[in-house]
Amino acid sequence: TPRTHYTSQVDIEQIGDDKVTVCGWVHEVRDLGGICFVVVRDREGRAQITLVKKKIDKEIFDAARKLVRESIVAVTGTAKPEGKAPNGYEIIPESIVVLNEAESPLPMDTTGKVDAELDTRLDSRFMDLRRERTTAIFKIRHEVLRAVRDFLTKDGFIETCSPKVVATATEGGTSLFPITYFDREAFLNQSPQLFKQILMSGGLDKVFEIGPIFRAEEHDTRRHLNEATSIDIEASFLDHFDVMEILENMVAYVYEQVIENEAASLKALDIELSVPKTPFMKVPYSQAIDIVNAESEETVEWGGDLGTVAEHTIGEHVFKETGESHYFITDWPTEIKPFYAMPYENNPLISKSFDMMHRTMELSSGAQRIHLHDMLKARIESQGLNSDGFDFYLRAFKYGMPPHSGWGIGCERLVMTMLGVENIRDTVLFPRDRKRLSP
Ligand code: ATP
Ligand code: AMO
């Protein structure tokens, strides 16, 4: 019995008396004696199957009453208008084929009536995905990535893939996962950073990548994963201001597209989304620490990193001033940014780097990069790294490397802040954290 329609696609006026077949899960069986309602659920919604005892074949009626919740069925019949049913129609079945019966009791509730713990839901992700809210998050995540690809492709970016098994670290601060690569030590990549820069020497000019990054974060927070999805760009002949503009426009476009194409999912999550206003406010680092020192209990000296309290203080300050959640912190001290960030010519203590922030957390980091070989090598060494390990990278800077800039933004954090999701794990199908290695 091939499916003819998703439950949301059954359009009575168009279909008339033609037969329809919907396939899905038995969401609910309501047996009222003389009448039996079976609700079948698929990815796009639900359909009511109505069986009136007096009007229908006894065999079908008896079989319908005995359907086990969450079993897989294919229902063929004719659709009739019914105002009280989901999507405004009901199906009078001719046949109900059970393709696979579910065991009971179920490992968790899928009706949304009982609020299961995150851990329970993640342990039974296959069941959790049957909840409307969970499906909605992943439909929106799909739309976010689709819109990102669309935006960057239209802007002339080429999608590339970099290796995930690598020999070097790129981002100070977080540690690497070591792996055995035949008889050598290797690591899971923290970022496509070095590879996207090498591609600038190759002349691809503007590239992007959407792929996994691995970070051995020891701590267990609501906003860190050990495997995350990074959206990265790198572009030649552009400076940090140019790529900040690309970033803010991309974020605004992604919001617009989600509003336009995922209205039903937003509704299921009870979210009214508005598009962030561009350009985002730019707060230089020195001003950011003044805000922290004036408006919070914390003191940050020039050159210090910004912790959670600091980020929140600045976020609230910006929100009060602009009514917007997104902003940039620019001109960071060179020493607390990775070696590849370009220092300002007239004041090398600060760099052409930025973080793009949401009121609640960091969303993205980026910079104009050092494109000069000797300067880059010196920066690597001054950060206490052995430049020999970076030979494969440094070579690309010797024979014609254009000036370039780029950024990386975490897909999960983008979705999380957009939807106000409390825990980042809710935006990943199978999250990897300190404790979780399966499913
Ligand atoms: P009813 O009383 O008809 O059972 P309700 O009014 O209590 O429904 P609804 O918001 O209509 O509640 O939906 C109930 C649950 O059905 C949702 O919370 C969700 O778990 C599930 N559901 C609905 N549509 C889908 C879908 N497309 N995919 C997965 N689950 C769904
Ligand atoms: P950074 O280390 O700031 O920059 O990472 C960029 C963005 O990736 C996301 N992210 C994470 N999300 C969830 N869990 C994690 N453990 C995690 N780590 C990072 C965040 C973060 O802002 N190479 C630079 C980018 C560049 O300069 O182009 C980099 O990796 O949203």
Side-chain angles (χ1 to χ4, degrees), residues 141 144 148 152 157 160 162 164 166 168-177 188-200 206-236 238-240 242-244 246-247 250-251 254 305-306 308 311 326-330 332 334 336-342 351-358 360-371 393 404-418 421 423-428 431-434 436:
R141 184 184 155 119
V144 165
V148 163
L152 293 174
F157 284 81
T160 55
S162 64
K164 303 304 151 205
V166 297
T168 53
T170 54
E171 313 300 319
T174 59
S175 35
L176 293 147
F177 285 112
L188 294 175
N189 87 310
Q190 287 175 311
S191 159
Q193 185 64 35
L194 306 187
F195 299 94
K196 62 181 184 170
Q197 287 192 260
I198 292 173
L199 296 180
M200 295 302 98
K206 290 163 111 183
V207 299
F208 76 101
E209 171 162 352
I210 300 173
I213 56 170
F214 302 89
R215 303 198 174 190
E217 316 271 6
E218 291 282 342
H219 41 286
D220 181 18
T221 78
R222 292 185 303 104
R223 59 176 205 278
H224 288 95
L225 294 161
N226 292 111
E227 178 175 2
T229 308
S230 181
I231 302 162
D232 273 87
I233 75 155
E234 204 63 29
S236 293
L238 298 185
D239 67 15
H240 52 311
D242 298 324
V243 294
M244 279 190 258
I246 293 172
L247 180 55
M250 184 186 86
V251 169
V254 165
D305 221 333
L306 304 178
T308 313
E311 284 180 5
H326 296 82
Y327 65 100
F328 288 104
I329 301 178
T330 62
W332 289 75
T334 307
I336 55 171
K337 279 289 168 187
F339 58 78
Y340 48 75
M342 177 65 102
S351 55
K352 300 183 180 182
S353 57
F354 57 87
D355 280 4
M356 200 269 279
M357 311 291 297
H358 181 270
T360 52
M361 76 189 74
E362 177 200 310
L363 282 185
S364 170
S365 302
Q368 182 178 328
R369 323 298 191 182
I370 297 176
H371 61 288
Y393 167 67
H404 58 278
S405 304
W407 42 253
I409 179 170
C411 169
E412 289 81 14
R413 291 205 183 163
L414 179 58
V415 173
M416 182 185 181
T417 49
M418 172 184 284
V421 167
N423 194 312
I424 196 164
R425 292 163 183 76
D426 261 319
T427 67
V428 191
R432 290 290 170 260
D433 63 27
R434 192 71 201 271
R436 195 167 279 283

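Just so you know, ligand 1 is whichever comes first in the structure, and atom 1 is the first atom listed for that ligand. All residue numbers in this chain count up from 1 along the given sequence.
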Tell me the protein heavy atom at minimum distance from [atom], and give that distance in Å.
atom	value
atom 24 (C) of ligand 2	Tyr340 OH, 3.3 Å
atom 10 (N) of ligand 2	Ile213 CD1, 4.2 Å
atom 31 (O) of ligand 2	Leu363 O, 2.8 Å
atom 6 (C) of ligand 2	Gly408 O, 3.5 Å

To which of [options] does the heavy atom nearest [atom] belong?
atom	options	result
atom 1 (P) of ligand 2	Gln190, Gln193, Arg432, Arg215	Arg215
atom 21 (C) of ligand 2	Glu362, Gln368, Met361	Glu362
atom 4 (O) of ligand 2	Ser365, Cys411, Ser353	Ser365

(Q) Quick check for you: to the nearest 0.5 Å, what is the distance between Leu363 atom CG and His358 atom NE2? (A)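 Leu363 CG to His358 NE2: 7.0 Å, rounded to 0.5 Å.
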Q. From Lys352 NZ over to Thr334 OG1, what is the distance, rounded to the nearest 0.5 angstrom?
A.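 Output value for this atom pair is 11.0 Å.
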Q: Output, in order, the C-alpha distance, side-chain angles, deciding distance and verdict of side chain to side chain contact (heavy atoms under 4.5 Å, CB included) for Thr417 and Thr360.
A: CA-CA 8 Å; Thr417 49; Thr360 52; 3.8 Å; yes
Measuring from non-hydrogen atoms of [X] to any atom of ligand 2, is the shortest distance under 4.0 Å?
X	answer
Met356	no
Arg369	yes
Ser230	no

Q. Do the ring centers of His219 and His224 come within less than 6.0 Å of each other?
A. yes
Q: Would you please indicate if the ring centroids of Phe354 and Phe328 are separated by under 6.0 Å?
A: yes
Distance-only side-chain donor-acceptor flag, [X] / [Y], under 3.5 Å:
X	Y	result
Tyr340	Gln197	no
Asp355	Ser365	yes
His404	Gln368	no

Purely on distance, is any nitrogen or oxygen of [X] under 3.5 Å from one on ligand 2?
X	value
Gly410	yes
Ile233	no
Glu234	no
Leu225	yes

For [X], take its heavy atoms, then give the atoms of ligand 2 lying under 4.0 Å from any of them.
X	answer
Lys196	26 (C), 28 (O)
Ser364	22 (O)
Trp407	26 (C), 28 (O)
Gly366	27 (O)
Arg223	13 (C), 14 (N)
His224	14 (N), 16 (N)

Q. Is it the side chain (CB and beyond), the backbone, both or neither of Glu227 that lies under 4.0 Å from ligand 2, heavy atoms counted?
A.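 Near ligand 2, Glu227 shows nothing, with every heavy atom at 4.0 Å or more.
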Q: Using a 4.0 Å heavy-atom threshold (strictly under), name the region of Asp355 that reaches ligand 2: side chain, backbone, both or neither.
A: neither
Q. Quick one: do Asp433 and Arg425 make a salt bridge, cutoff under 4.0 Å?
A. yes
(Q) Quick test of your reading of the model: are Lys196 and Glu209 salt-bridged, counting only N-O distances below 4.0 Å? (A) no
Q. Looking only at atom types and distance, does a side-chain atom of Arg215 sit under 3.5 Å from a main-chain N or O of Glu227, one as donor and one as acceptor?
A.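 Such a contact is absent between Arg215 side chain and Glu227 backbone.
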Q. Out of Asp232, Asn189, Val166, which one pairs with Phe195 under the side chain to side chain contact (heavy atoms under 4.5 Å, CB included) rule?
A.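 Single pass found, and it is Val166.
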Q) If we only count heavy atoms from C-beta on, is the Lys206 to Glu234 side-chain gap below 4.5 Å? A) no
